[in-house]
Amino acid sequence: MTAYPLCRPRGTLARRCVRLLALVALSALPLGAEDAQPPAPTAAPAAPVTAPPVAPGAPAAPERPDRATLRLSAREAVEFALANNLDVQISRIGPEIGHWDIVSAMGIFDPIGFYNYTAGKDVRATGSELSGAEILNNQSHQFDIGVKGQLFQGLKYTVDYQGQRSYSNSEFASLNPAWTTSIGFGLTQSILRGGGTKYVMAPIRIARKGKAAAHDQFEIDLTTSVFNVLTAYWNLVFAINDRAVKEKSLRLAQRLLEVNRNKVRVGSMAPIEELSAEASVAAQQEGILVAETAIENAADRLKSLIFPVRRNLDEWDVTLVPADEPLFMAYPTEVESSIITAIGRRPELARLLKLADQQELVLVQAQNEQLPLLDVSWSFRYNGLAEGMQESYRQTMSTDYKTWQIGAVLEYPFGSRTARGREKRASAEHRRIILQTKSAEQQIVVEVREAVRELATVAKRIEANTVAGQLARKQLEAEEKRLELGLSTSHQVLQIQKDVAQAEENAAKATIDYTMAVYKHQKATGTLLAALHIEPR
């Protein structure tokens, strides 16, 4: 007692302050947090070789009695996202829009029914007896009903039935009133501008390429969303594991505090050692508070990705409990084969190639529209004339009276600036897309090489952290024995305890990083959705 006459009063006051801070920190912890223990891991279920292995039994998130609990695996989190994620739902509309663009483009081949009706009256004075009346009065009613349309080669057709009723007060009119009827067929073929299957079908093919490109974009967005969900899920797992590590460090610090407190009580240790242990306990309690906040933040990020839109804030108050824990299992990769797979499967490249095909079709259209117009037409009609409509119709159907015509129309444009500008723009856009494709290929090669290197690096990290953890635990056991013999200090033991906690945290982080590295490699090679058995539709 007399050996420390100056430091004892100060130590007593400091210990009281530290105890008061510790009580304040403990009062902020959730009920039972200081006694929480991570459940023992269970056996891993069989998983496809292409997917990162997972196993049930991850350390559970801290549960509160007043909160609902949702236990879910990584696969279930992805399924929730596919059903509820707004980004996925928005992206899914793209192919649907592309489908209706095709339907709209096909409309140029829809037959069009038409009906025309005109009526007229002409009253005028005449100066010739040959007119048949001093004041000539002519009246007429005529109609035209039929169907017209276009075929794939640009051939336009018309089928119609025409009728006209005319009346005149002329005494020379042999039929009064008179009905004229006819049934006709007409064809017009564009030879140069506007003709040919390539030009006519170009809008439909452009729409089909657009739909395919929209599907590729949906696959890109879906892959990104799934990867983000997996990242959020394993970040939550790490936050929970990190809290478990900090709880273990707190228990070690509490055990050391109890030992030091007993030794100070019997006078075999200086009070400063008890104070140092109490400060370590308070620091570990602060670390648990920070870990609790990290868990809540990670859980909210995951909820925002997998839950539907929630306007009621109480609906966010649910505890997510991950059912998977990361397990290390060798994932064989090879740079060259991975790059070949990525070039063939990445939807980014497929989308750019389809957009390039679109511009080639626009070029076909623009080049055709600069040609002269040369249309050849042919028409054939059966005619009838009588006082009554029925008699005129029967005469028409007898096919005794017929008319046919053949004609041609030629137009030569002086300029065609609109079409020429469209052609140059499409050509420039095509060149840009080709350069973008080459740039994307180069970026994909970089991503794949980085993903392969990251897999190898993280695997070495796991091995190194495992060895470091084993050595740190052995060193801690040895230092604790030295402390019992009076050959060490609490400060040295606490420092080694920090090293053990850091090694365990690094090991847990490295295992999760390896799981994410596998997913990153699958994303880089375009096989992530296939590995998870997800069909983008």
Side-chain angles (χ1 to χ4, degrees), residues 48-52 87-88 90-92 94-95 97-98 101 202 205-231 331-364 366 423-459 513-537:
V49 177
T50 54
D87 292 336
V88 174
I90 292 170
S91 183
R92 187 177 280 119
I97 295 175
D101 286 341
R205 290 170 178 165
I206 289 174
R208 287 173 178 169
K209 293 293 183 181
K211 179 185 177 182
H215 188 274
D216 291 331
Q217 183 61 52
F218 170 62
E219 185 175 351
I220 295 170
D221 296 340
L222 184 61
T223 301
T224 301
S225 297
V226 169
F227 184 79
N228 290 341
V229 170
L230 294 172
T231 301
Y331 184 79
T333 58
E334 200 276 326
V335 175
E336 185 175 353
S337 61
S338 297
I339 291 175
I340 294 174
T341 301
I343 296 299
R345 301 195 60 164
R346 282 287 289 266
E348 292 89 342
L349 293 179
R351 175 179 174 273
L352 288 171
L353 292 175
K354 292 178 178 66
L355 293 179
D357 292 341
Q358 269 189 324
Q359 294 307 314
E360 290 181 354
L361 293 170
V362 174
L363 276 173
V364 170
E423 177 192 9
K424 297 301 182 183
R425 186 185 187 284
S427 178
E429 186 68 24
H430 184 268
R431 294 197 308 272
R432 182 173 69 173
I433 294 174
I434 294 300
L435 292 175
Q436 288 176 339
T437 304
K438 294 179 180 179
S439 176
E441 289 180 355
Q442 191 174 40
Q443 182 61 34
I444 287 172
V445 171
V446 174
E447 290 179 12
V448 171
R449 291 175 63 87
E450 288 179 351
V452 173
R453 279 196 297 267
E454 185 172 354
L455 277 169
T457 301
V458 177
D513 287 347
Y514 187 83
T515 301
M516 288 310 304
V518 173
Y519 286 127
K520 189 177 296 185
H521 179 269
Q522 292 172 346
K523 181 175 181 287
T525 56
T527 59
L528 177 61
L529 298 183
L532 296 174
H533 308 289
I534 297 174
E535 182 66 26
R537 60 168 183 253

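Within a 6.0 Å radius of CD in E334, other residues, nucleotides and ligands contribute more than 12 heavy atoms. Around atom CZ of R453, more than 12 heavy atoms belonging to other residues, nucleotides or ligands sit under 6.0 Å away.
For the side-chain contact (heavy atoms from CB on, under 4.5 Å) criterion with V445, the lone passing option out of Q442, E441, R449 is R449. Exactly one residue among K424, R431, R425 makes a side-chain contact (heavy atoms from CB on, under 4.5 Å) with S427. That residue is R431. Checked against K520 for a side-chain hydrogen bond (donor to acceptor under 3.5 Å, both in side chains), the options E450, E447, E454 give a single hit: E454.
Side chains of Q359 and L363 form no contact here, defined as non-hydrogen atoms less than 4.5 Å apart. You'll find the side chain of E219 stays beyond 4.5 Å of the side chain of L222, heavy atoms only. D87 places none of its side-chain heavy atoms less than 4.5 Å from the side chain of D221.
One finds the CD1 atom of I444 at 3.5 Å from the CG atom of L349 (value rounded to the nearest 0.5 Å). Rounded to the nearest 0.5 angstrom, R346 CZ and L352 CG are separated by 11.0 Å. To the nearest 0.5 Å, atoms CG (D513) and OG1 (T457) are separated by 11.0 Å. In this structure, CD1 in I434 is found 9.5 Å from CD in Q436, a value given to the nearest 0.5 Å. Here the straight-line distance linking atom CD1 of I97 with atom NZ of K211 works out to 12.5 Å at 0.5 Å rounding.
In this structure, K209 does not pair ionically with E360, as no charged nitrogen and carboxylate oxygen lie closer than 4.0 Å. Residues E348 and R351 are not paired through a salt bridge, judged by the lack of any N-O separation under 4.0 Å between the basic side chain and the carboxylate.
Side-chain atoms of T341 come within 3.5 Å of backbone atoms of S337 as a donor-acceptor pair (strictly under, hydrogens ignored). T231 places a side-chain N or O within 3.5 Å of a backbone atom of F227 that can act as its donor or acceptor partner.
The minimum heavy-atom distance linking R345 with A530 is given by the pair NH2-CB, 3.6 Å. Closest of all the heavy-atom pairs between H521 and A451 is CA-CB, 3.7 Å. Contact detail for L528 and Y519: the closest heavy-atom pair is CD1-CD2, 3.6 Å. In plain terms, the two heavy atoms of Q217 and S91 that are nearest each other are O-OG, 4.0 Å. For the pair V448 and A524, the tightest heavy-atom approach, listed with the atom from each and the gap, is CG2-O, 3.7 Å. Summarising the geometry of V362 relative to A426, their closest heavy-atom pair is CG1-CB, 3.6 Å, with the distance given to 0.1 Å.
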Inset, instruction - In sequence, state the C-alpha distance, the side-chain angles, and the governing distance for R432 and E429, and then conclude on salt bridge (Lys or Arg N to Asp or Glu O under 4.0 Å). - result: CA-CA 5 Å; R432 182 173 69 173; E429 186 68 24; 2.7 Å; yes
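Evaluation of the ring-ring contact (aromatic ring centres under 6.0 Å, His included) rule for F218 yields no partner, not counting sequence neighbours.
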